Amino acid sequence: MILLRQLLGDVLRRLRMRQGRTLREVSTVARVSLGYLSEVERGQKEASSELLASICGALGVPLSQVLREVSDQFALAELQAAPVLADVPEHERLPLAESVPGSISDSVFPEVKDMVAA
């Protein structure tokens with residue numbers, strides 16, 4: 001099962017490490033305990049929207065960017081798990097996005113399609 005908190009933690013850790021910053025530094029600026037931030041990064045704690053905004057502020061990254069990256073990772077994980085649907089009879093499957101009127105097509109998020117193709 002794909003856990004949102006784990007993907008969110010992975011993205012936050014990756015951003016922090018790309019900046020060459022320590023947990024202590026980010027936790028101090030975000031005004032979040034070091035242990036709690038560590039648990040969020042390891043996907044062990046669910047972060048509130050206020051906490052996420054504070055962490056993103058400390059990292060100097062818009063929350064929308066973090067959520068977009070999490071969404072892309074989630075979509076990729078879902079697509080990689082798609083073969084499980086092969087066991088579900090066709091008449092029991094939900095319609096795919098491209099066949100649902102008014103839905104978002106993969107042309108809106110081409111990076112997800114590119115990740116799957118890689």
Side-chain angles (χ1 to χ4, degrees):
M1 177 197 282
I2 306 160
L3 294 178
L4 181 61
R5 70 173 186 256
Q6 289 177 331
L7 292 175
L8 182 60
D10 290 344
V11 169
L12 290 172
R13 175 181 283 130
R14 197 173 320 117
L15 288 168
R16 179 182 57 78
M17 294 181 81
R18 264 190 234 148
Q19 294 177 7
R21 297 173 68 189
T22 65
L23 270 171
R24 184 172 308 280
E25 181 184 354
V26 174
S27 71
T28 299
V29 175
R31 296 181 182 253
V32 175
S33 76
L34 180 98
Y36 198 82
L37 179 58
S38 176
E39 288 178 309
V40 168
E41 281 192 359
R42 287 181 281 138
Q44 296 176 336
K45 293 286 185 186
E46 297 276 354
S48 68
S49 57
E50 292 87 356
L51 181 70
L52 285 175
S54 184
I55 295 168
C56 289
L59 292 170
V61 177
L63 178 57
S64 61
Q65 178 183 334
V66 171
L67 295 176
R68 194 174 311 114
E69 192 167 335
V70 169
S71 177
D72 290 348
Q73 293 296 317
F74 207 97
L76 180 60
E78 286 177 327
L79 288 171
Q80 289 174 338
V84 173
L85 294 177
D87 297 333
V88 178
E90 184 69 35
H91 69 278
E92 292 180 18
R93 295 183 194 173
L94 293 174
L96 296 175
E98 55 268 9
S99 64
V100 177
S103 66
I104 299 173
S105 71
D106 60 5
S107 64
V108 176
F109 298 106
E111 62 276 3
V112 174
K113 185 176 178 183
D114 294 341
M115 284 190 278
V116 173

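Remember, it's a predicted structure, so these values are computed and weren't measured experimentally.
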Next item on the list: State plainly whether one hydrophobic cluster holds both Val29 and Leu52, where clusters connect Ile, Leu, Val, Met, Phe, Trp and Tyr through side-chain heavy atoms under 4.5 angstrom apart.
Entry: no
Check: Same hydrophobic cluster for Leu3 and Val66, using side-chain heavy-atom links shorter than 4.5 Å among ILVMFWY?
Finding: no
Note to self: Same cluster or not: Leu67 versus Leu76, using hydrophobic residues (I, L, V, M, F, W, Y) connected whenever any side-chain heavy atoms lie under 4.5 Å apart?
What the structure shows: no
Check: Is there side-chain contact between Leu12 and Leu37, with at least one heavy-atom pair below 4.5 Å?
Finding: no
Margin query: Using side-chain heavy atoms (C-beta onward) and a distance below 4.5 Å, is Asp10 in contact with Gln73?
Written below: no
Notebook entry, point to check: Which ILVMFWY residues are connected to Met17, directly or by a chain of links, through side-chain heavy atoms under 4.5 Å apart?
Noted result: none
Checklist line | Residue pairs, two or more places apart or on separate chains, that pass salt bridge (charged side-chain N to carboxylate O under 4.0 Å, His left out) and touch residues 22-34 | finding: Arg21-Glu25
Next item on the list: State, yes or no, whether a side-chain contact exists between Glu69 and Asp72 at a heavy-atom distance under 4.5 Å.
Entry: no
Next item on the list: Taking all heavy atoms of Leu4 and all of Val70, pick out the closest pair and write down the distance.
Entry: CD1-CG1, 3.5 Å
Item checked: Pairwise distance CD(Gln44) to CD(Gln6) - rounded to 0.5 angstrom -> 9.0 Å
Note to self: Testing Glu46, Lys45, Arg5 one by one against Val40 for a side chain to side chain contact (heavy atoms under 4.5 Å, CB included), which residue passes?
What the structure shows: Lys45
Notebook entry, point to check: Mind checking whether Gln19 and Val26 have side chains closer than 4.5 Å, heavy atoms only?
Noted result: no
